[in-house]
Trainee: 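Before I ask anything, here is the structure I am working with.
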Amino acid sequence: MRTGLTDRRTDPGRLPSEPLLTASGLRRSFGRTSALVDASLSLHPGEIVAVMGPSGSGKSTLLHCLAGLVRPDEGRIDYAGTDLTQASDTELSTLRRTEFGFLFQFGQLVPELTCVENVALPLRLGGTPRRRAERTALRWLERLDVADVARKSPGTCSGGQNQRVAAARALVTSPRVVFADEPTGALDSLNGERVIRMLTDTARENGAAVVLVTHEPRVAAYADREVVVRDGRTRDLGGLG
Amino acid sequence: MSLGTTFLGLLEGHPQHGYDLKRAYDEHFATKRPLAYGQVYATLSRLLKNGLVEVEAIEPGAGPERKRYTVTDAGITDVEQWLTRPENPEPYLQSALYTKVILALLTGRPAEQVLDVQRAEHLRRMREFTRRKSQGDLAEQLICDHALFHLEADLRWLELTAARLNDLAGELAS
Ligand SMILES: Nc1ncnc2c1ncn2[C@@H]1O[C@H](COP(=O)(O)OP(=O)(O)OP(=O)(O)O)[C@@H](O)[C@H]1O
Ligand SMILES: [Mg+2]
């Protein structure tokens, strides 16, 4: 599914003209609730976009649609030349495993595995042998400054440590897009800051784009620009200032 | 009188010439532009008049820079009091912005746009500070964080106001 977009190290100041992900006219209801009414978003390779807006405005639904976790009722989602709304479940799950990384508010690490095993998991699911997967995982834990908890279980780590382990897991496959939904939502300012700084730094170093859902302006300020969602509609306020 | 008190603090334990004082101040506190000499000597002569500093030594020659200043006991008390007294919590609510929102609603203009434009500008500033922070040392980070938290407070007010625009319009119409 890799396409002609070869240079993944993108300077966010000079975005290539071709977006990696383009969604337009997204509509999605749950029963009688309209979660998304008319949402659009485009994401360039290596770009970090913050998605903000009041609680219940549709931010998570938008992220889930973009990541192929939820199918919109209407609208188009083009990812590197593929229409995600038409893709099969198998195609979507392959895409999520190989091209995307995920990070949620509560790390959602597997409690029965050690931290390094958690980080290695996406590689193992992709068929990488255990030792090599764990070696790579350990390198990512080092980059996120949590190598010291590699052999511990998530239950014995702090929230900030777990969240950095989860960030390592989101990045371990070198995804082209990281989807992060309130990654600092459960952390205090200092730890939230560390997580978001390390996430955005490492994403930039790897040329990974990030869709960052957050209600914290200080967290959004790590992005290149922001999109605001209100009542299921997106408003693009620009950025890169 | 924060510049004067800052001078007093810098002089504590370090008698200095006006020039050194300016350099020390610029190094630690001047985030926008360096202090002007005129301001340095005006401040020192005020402190002198109020008995908060005294001239410890005068070197031969001409010009104000030959005096070495030292802080007096009264000056040290001044520093202590300043450090222990809380600052007046500033009302960061921006009256100009509030006026704009009300005026927009009263004249049937899109108040939401007023808020969005401001919001974008605030976030642009916040991105600037965030970038500066990531390149700076710890002192620089603290200064940037202070600005960031204040901008964030403003932004939260903008968000809250945006969410209440319909109610506000209703109240103004009644
Ligand atoms: N699986 C679901 N089933 C039913 N309703 C849903 C579902 N997912 C979302 N909704 C509804 O859709 C609307 C938008 O939800 P969404 O989770 O996208 O909001 P959000 O902006 O992420 O909010 P928050 O900031 O609180 O996380 C809400 O009214 C929510 O209750
Ligand atoms: Mg949500």
Side-chain angles (χ1 to χ4, degrees), chain A residues 11-13 15 47-59 145 184-185 187-205 210 212-241, chain B residues 92-94 97 100-101 104-105 109-170:
Chain A
D11 175 357
L15 295 173
E47 190 185 23
I48 303 182
V49 176
V51 177
M52 302 192 75
S55 182
S57 59
K59 303 181 295 293
D145 207 15
T184 62
L187 304 176
D188 64 19
S189 304
L190 196 62
N191 278 294
E193 195 90 26
R194 285 186 86 172
V195 167
I196 193 62
R197 186 167 42 78
M198 290 184 165
L199 175 69
T200 50
D201 280 356
T202 39
R204 285 202 167 97
E205 282 161 24
V210 181
L212 171 64
V213 170
T214 180
H215 65 270
E216 293 173 275
R218 274 176 310 105
V219 172
Y222 279 87
D224 301 316
R225 67 183 168 95
E226 65 160 346
V227 169
V228 177
V229 188
R230 286 196 196 115
D231 298 328
R233 295 172 201 273
T234 45
R235 294 170 73 97
D236 199 330
L237 301 185
L240 273 182
Chain B
Y92 279 96
L93 174 86
Q94 296 162 315
L97 202 55
K100 279 185 190 176
V101 170
L105 289 174
R109 290 189 173 84
E112 192 173 38
Q113 204 173 316
V114 171
L115 294 169
D116 277 353
V117 165
Q118 191 61 46
R119 181 199 173 94
E121 178 60 18
H122 263 64
L123 248 146
R124 196 185 60 74
R125 291 281 290 152
M126 289 185 74
R127 275 192 285 272
E128 248 170 53
F129 277 114
T130 303
R131 270 198 296 271
R132 231 178 86 185
K133 187 166 85 168
S134 68
Q135 288 150 13
D137 57 14
L138 192 55
E140 176 92 348
Q141 285 174 30
L142 290 172
I143 290 166
C144 290
D145 272 330
H146 189 262
L148 281 165
F149 277 109
H150 279 97
L151 287 165
E152 177 170 78
D154 284 347
L155 239 159
R156 287 193 186 282
W157 179 83
L158 290 169
E159 280 173 1
L160 203 68
T161 307
R164 287 171 171 171
L165 272 183
N166 285 340
D167 294 348
L168 191 58

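So you know, we letter chains A, B, ... as the sequences are listed, proteins then strands, and number each from 1.
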Trainee: Using a 6.0 Å cut-off, check whether atom CG of D188(A) has over 12 heavy atoms from anything other than its own residue.
Mentor: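 Counting other residues, nucleotides and ligands, CG of D188(A) exceeds 12 neighbours.
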Trainee: Quick check on A223(A) against chain B: is it the side chain, the backbone, both or neither that has a heavy atom closer than 4.5 Å?
Mentor: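 Just the backbone, heavy atoms under 4.5 Å.
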Trainee: Check each atom of R156(B) against the heavy atoms of chain A and say whether the ones under 4.5 Å are side chain, backbone, both or neither.
Mentor: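 Only the side chain of R156(B) comes within 4.5 Å of chain A.
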Trainee: A side-chain contact here means heavy atoms from C-beta on lying under 4.5 Å apart; do L155(B) and M52(A) qualify?
Mentor: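 Side-chain contact under 4.5 Å: no.
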Trainee: Between E121(B), M126(B), E152(B), R125(B), who has the most heavy-atom pairs with chain A when the cutoff is under 4.5 Å?
Mentor: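 Maximum pair count with chain A is reached by E152(B).
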Trainee: What are the residues of residues 215-222 of chain A, in order of number, with any heavy atom under 4.5 angstrom from a heavy atom of chain B?
Mentor: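 The list, in residue order, reads H215(A), E216(A), P217(A), R218(A), A220(A), A221(A), Y222(A).
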Trainee: Is the closest side-chain heavy-atom distance between K133(B) and E193(A) below 4.5 Å?
Mentor: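 Sidechains of E193(A) and K133(B): in contact.
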Trainee: Can you tell me which portion of L148(B) sits under 4.5 Å from chain A's heavy atoms? Options are side chain, backbone, both or neither.
Mentor: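 For L148(B), backbone and side chain are both near chain A.
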Trainee: Please walk me through it: do R119(B) and R235(A) pass side chain to side chain contact (heavy atoms under 4.5 Å, CB included)?
Mentor: CA-CA 12 Å; R119(B) 181 199 173 94; R235(A) 294 170 73 97; over 6 Å; no
Trainee: Above 12 or not: heavy atoms from other molecules or residues under 6.0 Å from CG of D201(A)?
Mentor: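 Yes.
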